[in-house]
Amino acid sequence: MRVYDLIYKKRQGEALTREEIKFLIDGYTAGDIPDYQLSAWAMAVFFQGMNEEEIADLTMAMVESGDMLDLSPIKGVKVDKHSSGGVGDTTTLVLAPLVSAAGVPVAKLSGRGLGHTGGTIDKLEAIPGFRTDLALNEFIENVNEVGVAVAGQTADLTPADKKLYSLRDVTATVDSIPLIASSIMSKKIAGGADGIVLDVKTGDGAFMEELEEAEKLARTMVEIGKRLERKTIALITDMSQPLGYAIGNALEVREAIQTLQGNGPADLTELSLQLGANMLLIAGRVGDFQEGYNLLEGLLQSGAALEQLGRLIQAQGGEAAVIEDERRLPQARYNVPVLAGEEGYLAAIKTKELGLLSVEIGAGRARKEDAIDPAVGFVLEKKVGDRVQPGDTLLVIHANNGDLEGIKERARKAFLITAEKPVLTPLIHKIIN
């Protein structure tokens with residue numbers, strides 16, 4: 001088999017066999033195929049696409065390039081949740097204790113934030129003492145004893161995906177649906193999931209801004225799950241404005257605690273219940289979606305899910321007292337309001353811009369090696385559709401640097417105020433299963 005022939009075959013729009021795809025992925029992972037050849041192949045995929053069988057074969061080739069977690073010592077059906085990324089997306093911090101409180105084990109591997117989107121691991125590490133670097137035996141033991149564990153992804157999972165993603169990042173081939181879908185699903189399958197619930201974001205703050213493209217990605221991933229015998233459901237959800245009100249690591253932890261107390265933002269609460277009900281359904285814990293939704297709603301109201309968060313934090317070395325005293329979370333020195341200058345309705349929020357601004361003040365990282373300040377970020381006071389008067393607070397900047405004039409002005413411009421009340425977009429656009 002020659003790499004040249006496989007590049008040419010894909011360039012001509014022909015489908016590659018399972019053996020040919022595995023040859024490419026194994027050879028590139030081992031260093032036998034150079035960057036320039038796999039770059040040419042990735043560009044051919046970008047323009048010619050892949051059929052469903054090819055995408056499933058690519059996914060499994062990346063899974064088999066490294067370790068695959070054996071979660072069989074964990075009793076029950078293990079259901080994972082993946083979000084394609086957004087601003088203020090705190091659902092994992094709510095879902096992990098909520099779903100596990102319902103008796104479904106949650107063994108969650110999560111990543112760090114990069115660019116304008118946040119990462120679950122960064123958020124959890126804002127809790128004093130919280131450890132995310134769990135060994136596999138400790139990870140499994142925590143799930144069996146507590147019902148839930150959330151840890152960082154290991155370097156041994158899907159090394160082919162890590163290497164290929166770095167290549168795509170510098171060759172303008174990131175936004176290829178076959179390559180995105182296989183990248184996401186390979187990590188979920190290598191992580192040992194029996195079932196997968198996907199939260200595919202669309203809107204200004206999402207990687208897939210257009211609904212049509214988000215739906216293509218969702219359908220592709222559900223098809224991969226079907227072919228690889230993993231129960232998979234995808235929800236296409238709105239990211240045209242931040243989810244909830246908080247943007248920033250400790251601020252989002254605080255909001256997740258408030259949600260588990262039953263006092264969270266309506267959109268974050270609703271999306272968590274929707275995703276969680278589908279996780280229970282896939283796990284066979286309930287007979288239908290509504291039964292799962294009602295069960296989780298009851299766990300929020302009773303405080304059982306909040307207690308489970310405390311157990312999760314304690315089991316991973318963190319200060320569980322944060323659920324009773326948010327002052328134990330990192331606090332910023334400056335709280336600076338950004339005020340509206342006109343009257344009307346908040347018609348839109350430039351969500352990606354707010355995400356990028358949060359990176360500038362230290363809440364995220366532009367490069368993998370950047371340090372994060374867990375205390376800083378934004379808390380919105382207004383959401384799309386709200387009535388606004390001059391002098392009303394649009395958001396509050398939480399910062400450890402007092403020189404914020406430029407940030408304040410750019411944040412103010414991220415809020416579009418109009419005379420007419422806007423038509424609100426739905427929180428959940430479609431469900432694909």
Side-chain angles (χ1 to χ4, degrees), residues 18 21-22 25-26 29-30 55-83 92 95-97 99-112 119-121 124 130-165 181-198 221-233 276 278-285 308 311-312 315-317:
R18 178 178 302 175
I21 290 171
K22 187 166 176 56
I25 296 303
D26 287 351
T29 306
I55 298 170
D57 290 340
L58 174 60
T59 302
M60 278 311 297
M62 291 198 291
V63 169
E64 292 166 354
S65 71
D67 293 343
M68 185 171 176
L69 291 190
D70 178 12
L71 299 183
S72 59
I74 298 173
K75 304 176 186 68
V77 179
K78 280 72 72 178
V79 182
D80 202 351
K81 187 274 300 184
H82 174 81
S83 168
T92 294
L95 275 172
V99 170
S100 62
V104 172
V106 176
K108 183 90 177 80
L109 296 181
S110 293
R112 298 190 180 276
T120 297
I121 295 301
L124 287 170
F130 195 98
R131 291 179 49 236
T132 60
D133 56 339
L134 303 181
L136 178 58
N137 62 332
E138 188 179 7
F139 181 71
I140 290 173
E141 184 179 333
N142 280 12
V143 179
N144 277 330
E145 290 188 2
V146 183
V148 57
V150 184
Q153 295 165 349
T154 71
D156 298 327
L157 289 183
T158 62
D161 175 62
K162 294 178 179 67
K163 196 171 180 181
L164 180 56
Y165 187 90
S182 57
S183 173
I184 291 171
M185 293 296 285
S186 67
K187 291 191 281 284
K188 296 295 104 180
I189 291 165
D194 299 316
I196 304 161
V197 174
L198 300 163
M221 291 192 290
V222 169
E223 181 62 30
I224 292 173
K226 178 182 174 182
R227 286 178 175 270
L228 299 182
E229 299 181 343
R230 301 300 194 283
K231 293 180 180 178
T232 307
I233 294 176
N278 279 295
M279 291 174 73
L280 298 189
L281 187 59
I282 282 184
R285 172 67 177 80
Q308 186 71 342
R311 285 190 281 269
L312 164 63
Q316 294 190 217

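Reckoned from all heavy atoms, side chains included, excluding hydrogens, waters and symmetry mates.
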Can you name the salt bridge (charged side-chain N to carboxylate O under 4.0 Å, His left out) partners of Arg227, sequence neighbours left out? Glu52, Glu223
If you look at every heavy atom in Phe139 and Ala107, which pair is closest and at what distance? CZ-C, 3.6 Å
Quick check: closest heavy atoms across Leu312 and Ala149, and the distance to 0.1 Å? CD1-CA, 4.1 Å
The criterion is side chain to side chain donor-acceptor pair (under 3.5 Å); which residues satisfy it with Ser83, sequence neighbours excluded? Asp89
Test your reading of the model: is there a side-chain donor-acceptor pair from Lys81 to the backbone of Leu198, 3.5 Å cut-off? no
I need the full list of salt bridge (Lys or Arg N to Asp or Glu O under 4.0 Å) pairs touching residues 140-154, with sequence neighbours left out, sorted by first then second residue. none
Going by distance alone, is a donor N or O of one side chain under 3.5 Å from an acceptor N or O of the other, for Lys226 and Thr232? no
How close do Gly276 and Val99 get, counting heavy atoms only, and between which atoms? CA-CG2, 3.8 Å
Which residues share a side-chain contact (heavy atoms from CB on, under 4.5 Å) with Arg18, sequence neighbours left out: Asp57
Kindly say whether Phe130 contributes a backbone atom to a donor-acceptor pair with the side chain of Gln316 at under 3.5 angstrom? no
Under the criterion side-chain contact (heavy atoms from CB on, under 4.5 Å), I'd like the reasoning laid out for Val148 against Lys108: C-alpha separation, chi angles, the key distance, then a yes or no. CA-CA 8 Å; Val148 57; Lys108 183 90 177 80; over 6 Å; no
Spacing of CE belonging to Met60 relative to CD1 belonging to Ile25, to within rounding of 0.5 Å: 13.0 Å
Show, in sequence, the C-alpha distance, side-chain angles and deciding distance for Val222 and Ile233, and conclude whether the side-chain contact (heavy atoms from CB on, under 4.5 Å) test is met. CA-CA 6 Å; Val222 169; Ile233 294 176; over 6 Å; no
Those residues that, when tested against Asn144, pass side-chain contact (heavy atoms from CB on, under 4.5 Å) (two or more places apart): Ile74, Lys75, Ile140
Which heavy atom of Gly66 sits nearest to which heavy atom of Pro159, and what is that distance? CA-CD, 3.5 Å
Identify each donor-acceptor pair in which a side-chain atom of residues 181-188 lies under 3.5 Å from a protein atom, sequence neighbours left out, and give them as a table.
residue : atom : partner : partner atom : Å
Ser182  : OG   : Pro178  : O            : 2.9
Ser182  : OG   : Leu179  : O            : 3.2
Ser183  : OG   : Asp161  : OD1          : 2.6
Ser183  : OG   : Asp161  : OD2          : 3.4
Ser183  : OG   : Lys187  : NZ           : 3.1
Ser186  : OG   : Ser182  : O            : 3.1
Ser186  : OG   : Ser183  : O            : 2.9
Lys187  : NZ   : Asp161  : OD2          : 3.0
Lys187  : NZ   : Ser183  : O            : 3.3
Lys188  : NZ   : Asp80   : OD2          : 3.2

Do the side chain of Lys163 and the main chain of Thr158 share a donor and acceptor less than 3.5 angstrom apart? no
Quick check against the 3.5 Å criterion: does Ser65 have a side-chain atom that pairs as donor or acceptor with the backbone of Ala160? yes
List in chain and number order the residues that pass salt bridge (charged side-chain N to carboxylate O under 4.0 Å, His left out) with Asp26, two or more places apart in sequence or in another chain; answer none if no residue qualifies. Lys22
With sequence neighbours left out, the residues meeting salt bridge (charged side-chain N to carboxylate O under 4.0 Å, His left out) with Lys78 are Asp194
Kindly compute the distance separating CD1 (Ile55) from CD1 (Ile224), expressed to the nearest 0.5 Å. 6.0 Å
For Leu134 and Val150, run side-chain contact (heavy atoms from CB on, under 4.5 Å): C-alpha distance rounded to whole Å, both residues' side-chain angles, the deciding distance at 0.1 Å, then the answer. CA-CA 9 Å; Leu134 303 181; Val150 184; over 6 Å; no
For Asp70, side-chain contact (heavy atoms from CB on, under 4.5 Å) partners two or more places apart: Ser72, Pro73
Donor-acceptor under 3.5 Å (Arg230 side chain, Ala193 main chain): yes
To the nearest 0.5 Å, atom OG1 of Thr120 lies from atom CG of Leu109 at 11.5 Å
Taking all atoms of both residues into account, what is the closest heavy-atom pair of Leu157 and Gly191, and its distance? CD1-CA, 4.5 Å
Side-chain touch Val104/Val77, heavy atoms, less than 4.5 angstrom: no
Residues Ile21 and Ala61: closest non-hydrogen pair is CG2-CB, 4.3 Å
Trace of the side-chain contact (heavy atoms from CB on, under 4.5 Å) decision for Thr59 with Ile189: CA-CA 9 Å; Thr59 302; Ile189 291 165; 4.2 Å; yes
Partners passing side-chain contact (heavy atoms from CB on, under 4.5 Å) against Ala101 (at least two apart in sequence or in another chain): Leu299, Gln308
